[in-house]
2 protein chains.
Amino acid sequence: MTRAPQKRRLETRSKLLQVAAAIVQEHGYSGLRVEDVVARAGVAKGTLFSHFKDKDGLLAVLIGEEVTRLLDGMEAGGTPPDVAALNARLAPHLDYVAQDRVIFDLLLRYSGTTAAEPDEVVAASFIRQVAMLTGWLQTLQAAGKVRKDQPPELLAEGIQGFLNHVLGVWFCAEHENDASPADALEPYLRAWLLPPA
Amino acid sequence: MTRAPQKRRLETRSKLLQVAAAIVQEHGYSGLRVEDVVARAGVAKGTLFSHFKDKDGLLAVLIGEEVTRLLDGMEAGGTPPDVAALNARLAPHLDYVAQDRVIFDLLLRYSGTTAAEPDEVVAASFIRQVAMLTGWLQTLQAAGKVRKDQPPELLAEGIQGFLNHVLGVWFCAEHENDASPADALEPYLRAWLLPPA
DNA sequence: TTTCGTTATTGACCGCGGTCATTTTTATAA
DNA sequence: TTATAAAAATGACCGCGGTCAATAACGAAA
């Protein structure tokens, strides 16, 4: 039976998160250094690691919050009317992840989480994402906008695969071309989801 | 105009690679430490980094060679007769990558390479893989075993996406279940490639 | 208030990847 | 041979994430 954390601890934790968010704002996720965080938070290094398993654990909270926010935005409009609209709905998420390889790497590390440890923010957001997609696909199948010969769960997880694929390619290419990775996603989505003509 | 490397340099390089391969044999890719390599090779640390950009550069050579070997095996049998056979043909590659997250991470970092820097072993193997898949798919399309409404290049790159997706999930799950990741791949491949019934 | 077990914080220390000014070795020309 | 410039190798040094025994702060009971 673990006790409730003391007030001081909660304050330290939120201070660390607040400082970390500020540094990310200034220098990006890849510019975040543990020593900077603890220095600006006025705390010893060991303290940070008593609050978060490791640097990734800290990043996971920050990134998880952002992803959750993006999911809220995606869900807001209800089921998109067709595949093109679905593609557009996913664009903000792609643009966010595409901004920094650190985000991509971290999300990928949790990307397979279908259950277990729902306390983790990132894991929870993945579960939510796949649930959201599955729901949409069910509706689209009923409307005849999406192929019906495969279960919506498989289609949903396939979409996650394509998201990662497109992002992986994105980070390899030198993108002077300022297009969004969502553009690269569309042909895959069409081929994956559209019913045979 | 850069000169040809001296004999001594080539010997040092191959010694480093040989020692690194031995350590991987003993402790796995994730057990490879730069300091161990240089110690056993009887060389200073800086020498290693004059031969390879960083630790990943060294690993890339080792892993690239192995992937190339696997590709040789895959190509040996010619075009697989159908989707199920194609899935089986990909199994050795999946099993190899699934053995250590380090392999997966490294390959992913190069996974989008469609051209450029063909001197890198890993990049070259990716180009070769997609070319091989594209050729197979063309043949299978002609034989009516695979959907014809999409260009074989797109189908091939989609397969690469599914390979990575399946592996990502693989590394998240605790696989007491000793099944191969190829089992997880099959439903995706069927849904992605099979012509509408 | 004092005591005392628990919780929270501390910071010196470590492992390990990576750098670079310096030194050694090699190949070539005088 | 000897001089010399380029190539190769060296190892002390650094940055940064992460550890852990020691210490301080807290809160409930006496």
Side-chain angles (χ1 to χ4, degrees), chain A residues 1-24 26-63 100-103 105-106 109 120, chain B residues 1-24 26-63 100-103 105-106 109 120:
Chain A
M1 183 62 192
T2 55
R3 296 194 184 181
Q6 303 176 4
K7 192 197 310 175
R8 182 170 53 137
R9 185 164 177 82
L10 296 177
E11 289 165 354
T12 303
R13 181 188 154 98
S14 78
K15 178 74 182 172
L16 284 169
L17 285 170
Q18 169 203 322
V19 166
I23 293 179
V24 166
E26 294 168 24
H27 303 104
Y29 288 98
S30 49
L32 188 79
R33 250 150 275 282
V34 168
E35 309 213 336
D36 294 345
V37 175
V38 296
R40 275 172 64 167
V43 155
K45 198 192 267 189
T47 300
L48 189 145
F49 292 101
S50 92
H51 283 267
F52 307 97
K53 181 178 173 298
D54 50 23
K55 189 184 171 183
D56 271 13
L58 170 60
L59 280 172
V61 175
L62 297 174
I63 291 173
D100 198 323
R101 167 126 224 168
V102 171
I103 308 174
D105 287 344
L106 188 136
R109 207 156 290 263
E120 287 289 344
Chain B
M1 182 62 192
T2 54
R3 296 194 183 180
Q6 304 177 359
K7 192 197 311 174
R8 180 172 53 139
R9 186 163 177 82
L10 296 178
E11 289 166 355
T12 303
R13 182 189 154 98
S14 79
K15 177 75 182 172
L16 284 169
L17 285 170
Q18 169 203 322
V19 166
I23 293 180
V24 166
E26 293 168 25
H27 304 104
Y29 288 97
S30 50
L32 188 78
R33 250 149 276 280
V34 168
E35 309 213 337
D36 294 345
V37 176
V38 296
R40 275 172 64 165
V43 157
K45 199 193 265 189
T47 300
L48 189 147
F49 291 101
S50 90
H51 282 266
F52 306 97
K53 182 179 174 297
D54 50 23
K55 189 185 171 181
D56 270 14
L58 170 60
L59 281 172
V61 175
L62 297 175
I63 292 174
D100 197 324
R101 168 126 224 167
V102 171
I103 308 174
D105 287 342
L106 189 136
R109 204 158 292 262
E120 288 289 344

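No hydrogens, no waters, no symmetry mates; every other heavy atom, side chains included, goes into these values. Here is the naming used below: chain letters follow the sequence lines, and residue numbers restart at 1 for every chain.
The structure places CD1 of A/Ile23 at 9.5 Å from CZ of A/Arg33, a figure rounded to the nearest 0.5 Å.
If you take CG of B/Leu10 and C1' of C/dT26, they are 14 Å apart, rounded to a whole angstrom. Straight-line distance from the NZ atom of A/Lys45 to the P atom of D/dG15: 12 Å, rounded to whole Å. Remark: C1' of D/dC16 and CG of A/Leu58 are 15 Å apart, rounded to the nearest angstrom. Separating the CG atom of A/Leu48 from the P atom of C/dA8 is a distance of 15 Å, rounded to the nearest angstrom. For the pair A/Gln6 CD and D/dA28 P, the computed distance is 9 Å after rounding to whole Å. D/dA28 atom P lies 8 Å from atom CZ of A/Arg3, rounded to whole Å.
Under a 4.0 Å N-O distance rule, the pair A/Arg40/A/Asp36 does not qualify as a salt bridge.
For B/Arg9, counting side-chain heavy atoms from C-beta on, the closest listed nucleotide (C/dG11, D/dA9, D/dG18) is D/dA9. Checking D/dT10, D/dG18, C/dG18 against every side-chain atom of B/Ala44, the shortest atom distance belongs to D/dT10.
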**Message:** For a side chain to side chain contact (heavy atoms under 4.5 Å, CB included) check, start with the C-alpha distance between A/Asp105 and A/Tyr29, then their side-chain angles and the critical distance, and finish with the verdict.
**Reply:** CA-CA 11 Å; A/Asp105 287 344; A/Tyr29 288 98; over 6 Å; no

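DNA chain C is contacted by both B/Gly46 and B/Lys7; B/Gly46 maps to the nucleotide lying nearer its 5′ end (nearest heavy atom per residue). Residue B/His51 is the one, among A/Leu32 and B/His51, whose nearest nucleotide of DNA chain D lies closer to the 5' end (criterion: closest heavy atom). When each of B/Pro5 and A/Arg8 is assigned the nucleotide of DNA chain D with its nearest heavy atom, B/Pro5 is the one assigned upstream, toward the 5' end.
For A/Lys55 against D/dG18, a side-chain-to-base donor-acceptor contact under 3.5 Å is absent.
Counting non-hydrogen atoms under 4.0 angstrom, A/Thr12 reaches the backbone sugars and phosphates but no base.
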